[in-house]
Amino acid sequence: MMFTTAYTTFFCFVALLCAFAQLASAVPVQGKRDVFDPPILYPHAGTVWKKGQRHNVTWDISQAPKQITNRIGEIRLSQVNQSIFPVILATGFDILDSRIEVEVPWVQTGHEYTLVLFGDSGNSGPAFTIEGPSIFDDDV
Ligand SMILES: *[C@@H]1O[C@H](CO)[C@@H](O)[C@H](O)[C@H]1NC(C)=O
Ligand SMILES: *[C@@H]1O[C@H](CO)[C@@H](O)[C@H](O)[C@H]1NC(C)=O
């Protein structure tokens, strides 16, 4: 009887340990994700682009981690404070290049624009201006 109790106690103890071990292994390991969110340097606040011009968009890679989850970059254009980024200016480049040449698309003027650099995650740059010409620009 004594043996059975001791055995049961021991078994319960082991089972408890196993349960804890399982619980511990279910918790994801907090590894370094190395998300790289390089800030856009150009265009900056006050920049004016004109339709059809070509410009080098540049960003700061000085804080780049050694391991980057996704090095493939994409640059999109959107109006300031809009949550959609419908215009793709460049894609498929290496985010460590720190610059990519883009052509200014024909968009409505009278709005502030911003670029978003996508890689590991999206990062909006400063607001800047794109100028026409469109005969309706003054009506917007
Ligand atoms: C963009 O930068 C590259 C490399 O410095 C240069 O060859 C090219 O002329 C630049 N493009 C523009 C539009 O300034
Ligand atoms: C964008 O949002 C910021 C912060 O809410 C605001 O200060 C700014 O005026 C907005 N700009 C435009 C063009 O709506």
Side-chain angles (χ1 to χ4, degrees):
M1 206 54 171
M2 197 60 190
F3 173 75
T4 316
T5 308
Y7 179 79
T8 309
T9 307
F10 178 70
F11 181 76
C12 284
F13 182 65
V14 170
L16 205 66
L17 276 186
C18 286
F20 271 119
Q22 259 174 357
L23 209 65
S25 67
V27 176
V29 180
Q30 292 286 316
K32 271 196 176 172
R33 269 201 61 221
D34 290 329
V35 167
F36 182 38
D37 234 2
I40 293 174
L41 301 175
Y42 181 85
H44 45 70
T47 296
V48 179
W49 281 0
K50 290 191 163 61
K51 168 213 161 200
Q53 287 177 335
R54 296 188 73 81
H55 292 284
N56 275 314
V57 175
T58 61
W59 56 91
D60 181 11
I61 58 164
S62 63
Q63 303 300 315
K66 286 199 187 83
Q67 301 277 330
I68 301 176
T69 322
N70 171 34
R71 278 178 57 169
I72 309 298
E74 183 163 293
I75 287 184
R76 299 201 201 168
L77 176 73
S78 87
Q79 285 180 21
V80 167
N81 294 347
Q82 300 290 306
S83 54
I84 55 165
F85 315 101
V87 183
I88 298 168
L89 295 187
T91 192
F93 53 84
D94 187 340
I95 205 145
L96 294 181
D97 283 350
S98 80
R99 63 143 200 105
I100 187 81
E101 193 177 298
V102 301
E103 182 175 331
V104 182
W106 201 350
V107 293
Q108 282 186 327
T109 56
H111 297 281
E112 284 187 279
Y113 287 91
T114 186
L115 297 185
V116 184
L117 176 58
F118 287 94
D120 279 332
S121 71
N123 192 15
S124 283
F128 67 103
T129 306
I130 296 180
E131 287 186 346
S134 161
I135 56 169
F136 296 112
D137 277 348
D138 290 341
D139 301 336
V140 177

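For ligands, and for the atoms within them, numbers begin at 1 and follow the listed sequence.
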Of all protein heavy atoms, the one nearest atom 6 (C) of ligand 1 is N56 ND2, 4.2 Å
Taking the side chain as C-beta and beyond, is there a heavy-atom pair between L89 and I100 under 4.5 Å? no
Any protein heavy atom under 4.0 Å from atom 2 (O) of ligand 1? yes
Nearest-neighbour protein heavy atom for atom 13 (C) of ligand 1, which is reported as residue plus atom name and distance: R54 O, 3.3 Å
Quick note on ligand 2: atoms under 4.0 Å from a heavy atom of E112 include exactly 13 (C)
Heavy-atom nearest option to atom 4 (C) of ligand 1, drawn from R99, E103, E101: R99
Is the side chain of N56 donor-acceptor paired with the backbone N or O of T58 at a distance under 3.5 Å, no angle test? no
Checking a contact table here: which protein heavy atom is nearest atom 10 (C) of ligand 2, and how many Å away? N81 ND2, 2.4 Å
Would you say the side-chain atoms of D60 and S62 include a donor-acceptor pair closer than 3.5 Å? yes
Please work out which of the three classes, parallel, tilted or perpendicular, describes the rings of H55 and W49, given edges at 30° and 60°. parallel
Just jot down the side-chain hydrogen bond (donor to acceptor under 3.5 Å, both in side chains) partners of S98, sequence neighbours excluded, or say none. none
Considering distance alone, does some N or O of H55 sit under 3.5 Å from an N or O of ligand 1? no
Which residue is it: T69, N70, I68? I am looking for the one with a side-chain contact (heavy atoms from CB on, under 4.5 Å) to F36. I68
